[in-house]
Protein chains: 2
Amino acid sequence: MSRIPALERRRALVDAALRVVSRHGIAQATTRAIVAEAGMSLASFHYAFASRDELIDELITTVVGREQQAVLPELVPDGDLAEVIEAGLLRYFEHLRSDPEHEQAMLELTQYALRSPERHPLAVQQYARYAELAERSLERAAGLAGADWRVPAAQVARVLVAFTDGLTLTWLVDRDDDAARLVAHAAADAVSRLADVR
Amino acid sequence: MSRIPALERRRALVDAALRVVSRHGIAQATTRAIVAEAGMSLASFHYAFASRDELIDELITTVVGREQQAVLPELVPDGDLAEVIEAGLLRYFEHLRSDPEHEQAMLELTQYALRSPERHPLAVQQYARYAELAERSLERAAGLAGADWRVPAAQVARVLVAFTDGLTLTWLVDRDDDAARLVAHAAADAVSRLADVR
DNA sequence: GTCTATACACCGATAGAC
DNA sequence: GTCTATCGGTGTATAGAC
């Protein structure tokens, strides 16, 4: 068989790599650990990927797209703008609580990418995706609540991404649900004030 | 000489380790790289520390205390509460801009600590210190601006720490100064609304 | 106490049998 | 195409000369 098995193999290895990074961190995600998780031999790895770095690159890029649905999903059309945004943030928070290791893995992959000039663009692209997704949600939220952004929505989106990151990181450290919900509430309030009610 | 040289050696190694982590990331902070940075031999390392992990633990704890001054310094007594807080956040942001690698190193050390049960408490302690420091600043800020916190100041402090982290992480990725300043402004606005003016 | 030399485990990557 | 066996390199840690 020519190419499709190789692609499936790559996919299986990327999935296995994500599981290993989630469970044990990127430092422990050696090629050996990854092929063990995927139930393959070491040589099969290098048949599918030229190097470990190549797999990590693919892991970073593919994993971002996969998570797009969960991070900022459909907004509930009840309430004013702040409430709509807060509901979105709380929904993300529940996603974080249900799979903390996954978000921890995402943070580690980001910081890993920041450490090499060749991979830094991957992190930039990753955050651009986040911001793009947040922007669309914010525009829908403003539409639902009958408001208009005073600041460009793209910039508001960056603020929202920053708040989400801060919530994630601090919660991963202290696991304080109340504090996280307070962050969500305060962040939603702050972001909503960047819009005018029509 | 008996003990003081050993302590000085430990200090020199911790300093060297921080420089290596800042420049190249924790993954590259091998014992070899650290002793090279400190100008020592490999054996000298294990005379001062039982293991690499022991040094990393000491690095995490000592480095937190050192940075306390810079993170949230004296507040300027002009303006209302939001302005006072924003000035503090912007001051932190200038600190971040002046030495990005140091803050990146702090984030990496935190995430490193999160990955092992024995070290997780170090991260908790680290963030407790941050929160404690932020709490004192917030109380002084409320005093200056003539306001009272509706929510316990300790909880407000956690929100502020989360916002600071989010600002740090997103700026390290995109290096967008305007976006970071917008985050600072929005965060200061949000946090200030958790207080009542007297 | 401080060095050089080295033990031993594990890393990424590859050769070569099948 | 897929495996086992292995290479060359580097990691942490230590032994032993000085």
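A, B, ... follow the sequence lines: proteins, then strands. Residue 1 opens every chain. Below, each value reflects all heavy atoms present in this structure, side chains not excepted, and no hydrogens, waters or symmetry copies.
Between B:R158 and B:E135, no side-chain nitrogen of the basic residue sits less than 4.0 Å from a carboxylate oxygen of the acidic one, so the salt-bridge criterion is not met. Between B:E94 and B:R97 there is a salt bridge, since at least one side-chain N of the basic residue sits less than 4.0 Å from a carboxylate O of the acidic one. Under a 4.0 Å N-O distance rule, the pair A:D57/A:R52 does not qualify as a salt bridge. Classification of A:R193 and A:D189 as a salt-bridged pair holds, one side-chain N sitting under 4.0 Å from a carboxylate O. Using a cut-off of 4.0 Å between Lys/Arg side-chain N and Asp/Glu carboxylate O, B:R23 and B:E101 are scored as not salt-bridged.
Against DNA chain C, the stretch residues 14-26 of chain B makes no heavy-atom approach under 4.0 Å. For residues 33-44 of chain A, proximity to DNA chain D is found at A:S41, A:A43, A:S44, defined as any non-hydrogen atom under 4.0 angstrom from a strand atom. Heavy-atom distances under 4.0 Å link DNA chain C to A:S51, A:R52 of residues 51-62 of chain A, given in residue order.
Considering only residues two or more places apart in sequence or on other chains, B:H24 meets the side-chain hydrogen bond (donor to acceptor under 3.5 Å, both in side chains) condition with none of them. Under the side chain to side chain contact (heavy atoms under 4.5 Å, CB included) criterion, B:P100 pairs with B:W171, B:L172, B:R175, not counting sequence neighbours. For the side chain to side chain contact (heavy atoms under 4.5 Å, CB included) test, residues two or more places apart in sequence or in another chain that qualify with A:T110 are A:A123, A:Q126, A:Y127, B:V173.
Nucleotide C:dG16 holds its P atom 17 Å from the NE2 atom of A:H46, rounded to whole Å. To the nearest angstrom, P of D:dA15 lies 16 Å from OH of B:Y47. Put simply, CZ on A:F45 is 7 Å from P on C:dA13, counting in whole angstrom units.
Taking 4.5 Å as the limit, some side-chain heavy atom of A:L81 sits within range of a side-chain heavy atom of A:W149.
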request  = Give the C-alpha distance, both sets of side-chain angles, the deciding distance and a yes or no for side-chain hydrogen bond (donor to acceptor under 3.5 Å, both in side chains) between A:Y92 and A:T168.
outcome  = CA-CA 10 Å; A:Y92 165 75; A:T168 302; 2.5 Å; yes
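OP1 or OP2 of C:dA13 has not a single side-chain nitrogen or oxygen of A:R32 nearer than 4.0 Å.
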